[in-house]
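Structure first, commentary second.
Whatever order the structure lists ligands and atoms in, that order sets their numbers, starting from 1. This structure is a prediction, so every number in the text was calculated from the model and none was measured.
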Amino acid sequence: MSNQALQARKTKVIARGQGNMYPVYVERALNGEIWDVEGKRYIDFGSGIAVCNTGHSHPKVVAAVKAQLDKFSHTCVMVNPYEVAVELAEKLTAIAPGDSEKKAIFVSTGAEAVENCVKIARAHTGRRGVIAFNGGFHGRTNLAMALTGKITPYKNLFGPFPGDIFHAPFPIEMHDITVKQSLKAIENLFKVDIAPSDVAAIIVEPVQGEGGFYAAPAEFLQALRKLCDEHGIMLIADEIQTGFGRTGKMFSFEHSGVEADIMTMAKGIAGGFPIAAVVGKSEIMDAPLPGGLGGTYGGSPTACAAALTVLDIIEEENLVERANQLGDIFNERLSALQAQHPQLISDVRNQGAMIAIELMIDGDVEQPNVALTQALIAGAAEHGLVLLACGFYSNVLRFLPALTISDELANEGIDQFVTLFNSVA
Ligand SMILES: Cc1ncc(COP(=O)(O)O)c(C=O)c1O
């Protein structure tokens, strides 16, 4: 079966809303590489959108999941629980940033984790309002979508949205939005739209993911912590894309030394098995009544077994430090490309292995080069690469290699990208 034939079958039966970036159908994948049904091999700089931090089909994850399947696959953690879930909660509460005693709950997706953070914050504070940021991405379910700070393609056609959600600008220095302006905008919300005493939570990604890989300055997260403490507001860290070693720390909030009240974990948690978690301060997490949180598949035993193994691999293979090494390799080589194309590449940035380049027109950082971004994505498959775009203005290319990828494979992929860039530009 060819890629083209499969894409034709897919288009007939899977709605266009669930689109695919590449008409490349996977036959198998291992560590940092994917092979399609036609036998072509790709270097994967997407890792299933920051999910396979430990690479595709890590042999230890595969073995752990097989061993769990031989015991049982599902009982529902809310009916008959099991040790792997308890052990995973013990480990996640121990590695979550900050010294406070913590508890966890398990769900199946990132969006669900976000929704549950808001439920818990509302239950704990008895308040209604939530503040999120322009360009933020928190998922596609109704509440998570309302928190998301970008209309197309996430929100158009899908109203009405839940109320009591407000957006403030996210600080991005290269686009002239300062930390001071962002904080002032929140103060302004308190004057114009909602009293701080009615605000349950502020939710923030420490590095905006879909929004364009902009890292929140440490002083901004510290100022949010102070503001939340002043007004009794819960600070929610959305670490879904930034977690599990990706940014050169286990969690990105560690770069600022700030402890959130509640945080999300998903994506890199289990090497591709669908599990997500909310972890927060114990007294806050215990606010909802028994039965108020959870779901049929939350904390599935196979996913818990995978997640426990992923945590072991991150430690054994030193993947947090590896994220920094990979970030340095990409940054150096992409900066050299920027020096060759100063009118097109406005920025090369990374926090660990969350790496991006931003593209502009005619040397003007305020003119997003969407056409070039799209052309690079379109040409990537031909060059044997999986690349992802992102950005509030859809003009950012992001690189999310497996943290287990070798220097050789990373450099081979970057060589391909440089060739592609030079041919398209
Ligand atoms: C920061 C962030 N929050 C939430 C989500 C939603 O996660 P999911 O797609 O698993 O629902 C994502 C997914 O990209 C994300 O990056």
- For R246 and G352, indicate whether the former's side chain and the latter's backbone hold a donor-acceptor pair under 3.5 Å. no
- Item | Distance from atom 15 (C) of ligand 1 to nearest protein heavy atom, with residue and atom | I240 CG2, 3.7 Å
- For atom 9 (O) of ligand 1, grab the closest protein heavy atom and report residue, atom and distance to one decimal in Å. R140 NH1, 4.8 Å
- Task: Answer with yes or no after comparing the ring centroid distance for H175 and F392 against a 6.0 Å cut-off, counting only values under it.
- Result: no
- Item | Within 6.0 Å of CD in E83, more than 12 heavy atoms from elsewhere | no
- Contact atoms of ligand 1, heavy-atom distance to E205 under 4.0 Å: 1 (C)
- protein heavy-atom neighbour closest to atom 16 (O) of ligand 1 works out as Q241 NE2, 2.9 Å
- Answer yes or no: does an N/O atom from A111 fall short of 3.5 Å to an N/O atom of ligand 1? yes
- Task: Please work out which of E239, H138, K267, E115 has its closest non-hydrogen atom nearest to atom 13 (C) of ligand 1.
- Result: K267
- Task: Would you check whether D238 has a nitrogen or oxygen atom less than 3.5 angstrom from a nitrogen or oxygen atom of ligand 1?
- Result: yes
- Shortest protein heavy-atom distance from atom 2 (C) of ligand 1, along with the residue and atom involved: F137 O, 3.3 Å
- Can you tell me if E239 uses its side chain to pair, donor with acceptor, with the backbone of F253 under 3.5 Å? yes
- Message: For E210, which part has a heavy atom under 4.0 Å from ligand 1: side chain, backbone, both, or neither?
- Response: side chain
- Note on the structure: Residue, atom and distance of the protein heavy atom nearest atom 7 (O) of ligand 1 read G110 CA, 3.3 Å
- Message: Under 4.0 Å between a side-chain nitrogen and a carboxylate oxygen: does that hold for R128 and D164?
- Response: yes
- Nearest-0.5 Å distance that lies between atom CZ in R41 and atom CH2 in W35: 7.0 Å
- Any Lys/Arg nitrogen of E173 or K180 sitting under 4.0 Å from an Asp/Glu carboxylate oxygen of the other? no
